[in-house]
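Worksheet: one structure, shown below.
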Protein chains: 2
Amino acid sequence: MTNWTAMTYILPPLNALRAFEAAARHLSFKLAAHELHVTPAAVGQQVKALEARLGVRLFERLHKQLVLTAAGQAYLPEISDGFRRIADATAQLKPVGAVLLQLGVHGSFDLRRLELEAFRASHAEIGLRVLQPAGLHELIEGKVDVLIARGLGNHPGYRCDRVTEGSGLGDWLIAPAGTADCPEISSFRDWLRALPVENSLALHRRRVVGIVRS
Amino acid sequence: MTNWTAMTYILPPLNALRAFEAAARHLSFKLAAHELHVTPAAVGQQVKALEARLGVRLFERLHKQLVLTAAGQAYLPEISDGFRRIADATAQLKPVGAVLLQLGVHGSFDLRRLELEAFRASHAEIGLRVLQPAGLHELIEGKVDVLIARGLGNHPGYRCDRVTEGSGLGDWLIAPAGTADCPEISSFRDWLRALPVENSLALHRRRVVGIVRS
DNA sequence: AATGCTTACGATCAACGTAACCATG
DNA sequence: CATGGTTACGTTGATCGTAAGCATT
């Protein structure tokens, strides 16, 4: 008996699901945490909560090794597929302008202080999209075109520009050397450096995860 | 040039995405809010934040009417599909026992206080799954088999049992009359009523959304 | 005037980090 | 004894509700 009422979904907590998906793909909370820019403890907590909600154990916890249960094995590819589909759709979302500029933001910086709308308003040809949290991985893997980070200057092969005047650790705009001077990135860099100081990037430090395999 | 490194996804904030999907399906923040058990303001905020992240306007805000932009129209079916896939996979996840009992929980009750693990331990044949937040809709639509709610007793066609002794508004276990006496639900009800009082359902009230269309 | 979206503000709760712990190889 | 998962606990921040405002019919 199908239902006339808007057939809605029963979805588990989506962030917990994301933690599970990453952990299952890596068969490791540690590596999943690295990917998600959180700590291993956080991943473990999310997965545990998910299992409690579903009433199903998804991992066998061996010693320093995760193994998917039968349920987990059946679940993983479906969930990956769902996320992949969402990711694909998002990637294909046409930006407002002709060019899409993907900006990664390191840590938990309150984006409202950046007034990205001002940049967008004065650069209609650039579609600015934000990925947060993001780190060097995302830049290396090409998931973002440019990265705002704190205290991460000077990487070989990357152009790093300070975008705040303050003393001590500063905020850097990091772009691959090959593309660092293309118009979109130049425009954004110039715009950032021209920001009034009180708006300057108060990147709050949130997490430092040790480097995993380089 | 495809990448050897673990091909990870770029996902927008998933909760905001869920808000968008519901809003787009209903073409209404109000109805979406009803579905998601939050207020219309919350939905609007989430959608706005999503648009800001993506750099794409998804809705045209007319007067008391939402219209999807071209981008929103292209986005919606893909996102719905992704969520649907996740929901389907979750529905097919085999419970531990032979029987699956879907429990809806009204409001934001801290599930840890219920020690559902104790119930599971003593009822291995029942796979207990939790949906939260949930309300009468979910019960009516059959998305949950039984509902724990506060101050919502006495509904025609439903069996309502008080499961706490305290005075004033109490916590109710609500099940459709047709299935209220099947073994799973009976077991759960009995178990609930036998709980020590200090564990009794301290359902925190979180939201009261006015009834929409009956 | 009633309705539905918006915004500002404060409150609340989920998510997270830290640190200590445990088990195993 | 180094490593990776677990747990407890306190903190932070994302999320939400309230209430006031706005525009349109």
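The sequence lines fix the lettering, A, B, ..., with proteins before strands; numbering per chain opens at 1.
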Please state how far atom CG in A:Leu14 lies from atom C1' in D:dT15, giving the value in whole angstrom units.
14 Å
Quick one: which residue pairs count as a salt bridge (Lys or Arg N to Asp or Glu O under 4.0 Å) with a foot in residues 40-53 of chain B, not counting sequence neighbours?
B:Glu51-B:Arg61
Could you check whether B:Gln46 gets within reach of a base, just the sugar-phosphate, or nothing at all, counting any heavy atom under 4.0 Å?
sugar-phosphate
Assert: residue with more 5' nearest nucleotide on DNA chain C, out of B:Leu66 and A:Ala16, is B:Leu66
Take atom CG of B:Leu17 and atom P of D:dT15, then tell me their distance rounded to the nearest Å.
12 Å
Checking side-chain hydrogen bond (donor to acceptor under 3.5 Å, both in side chains) between A:Tyr9 and each of B:Glu21, B:Arg18, B:Glu35, which is the one that passes?
B:Glu21
Can you classify the ring geometry of A:His123 versus A:Phe119 as parallel (below 30°), tilted (30 to 60°) or perpendicular (above 60°)?
parallel
Atom-to-atom span, CD of A:Gln45 to C1' of D:dT11 - whole angstrom
13 Å
Determine: side-chain N/O of B:Asn15 to OP1/OP2 of D:dT15, distance under 4.0 Å, yes or no.
yes
Among residues 47-60 of chain A, which residues get a heavy atom nearer than 4.0 Å to DNA chain D?
A:Lys48
Would A:Arg162 and A:Trp172 count as a cation-pi pair here, with the cationic atom under 6.0 angstrom from the ring centre and within 45° of the axis?
yes
Taking only N and O in the side chain of A:Thr39, is any of them less than 4.0 Å away from OP1 or OP2 of C:dG17?
yes
Starting at atom CD of A:Gln132, determine the distance to atom P of C:dC16, rounded to an integer number of angstrom.
13 Å
Sequence neighbours excluded - ring-ring contact (aromatic ring centres under 6.0 Å, His included) pairs with any residue from residues 66-97 of chain B
B:Phe20-B:Tyr75
Measuring from A:Leu58:CG to B:Leu93:CG, what's the distance to the nearest 0.5 Å?
6.5 Å
With sequence neighbours left out, what residues match A:Arg189 under salt bridge (charged side-chain N to carboxylate O under 4.0 Å, His left out)?
A:Asp161, A:Asp181
Do B:His37 and B:Gln132 pair up side chain to side chain, a donor and an acceptor below 3.5 Å, judged on atom types alone?
no
Nucleotide N/O of nucleotides 1-3 of chain C paired with protein N/O under 3.5 Å:
{"from": "C:dT3", "atom 1": "O4'", "to": "B:Lys64", "atom 2": "NZ", "distance (Å)": "3.0"}

Carboxylate-amine/guanidinium contact A:Arg120 A:Glu117, below 4.0 Å
yes
Between A:Glu138 (side chain) and A:Gly135 (backbone), is there a donor-acceptor pair under 3.5 Å?
yes
Could you tell me how far apart A:Leu36 (CG) and C:dG17 (P) are, to the nearest whole angstrom?
10 Å
Report yes or no: does B:Thr69 contribute a side-chain atom to a donor-acceptor pair with the main-chain N or O of B:Glu60 at less than 3.5 Å?
no
Determine the contact category for B:Ala42: base if any of its heavy atoms lies under 4.0 Å from a base atom, sugar-phosphate if only primed atoms, P, OP1 or OP2 are that close, otherwise nothing.
sugar-phosphate
May I have the distance from A:Leu27 (atom CG) to D:dG4 (atom C1'), rounded to whole angstrom?
14 Å
Send over the distance from A:Leu62 CG to C:dT24 P, rounded to a whole Å.
10 Å
Please assess A:His26 against A:His34 for the test ring pair (Phe, Tyr, Trp, His ring centres under 6.0 Å), listing each intermediate value before the final yes or no.
CA-CA 10 Å; A:His26 293 286; A:His34 185 238; 8.5 Å; no
How many whole angstroms separate atom CG of B:Leu68 from atom P of C:dC5?
13 Å
So how far off straight is the helix from C:dA1-D:dT25 to C:dG25-D:dC1, going by the axes through five pairs at either end, to 10°?
30°
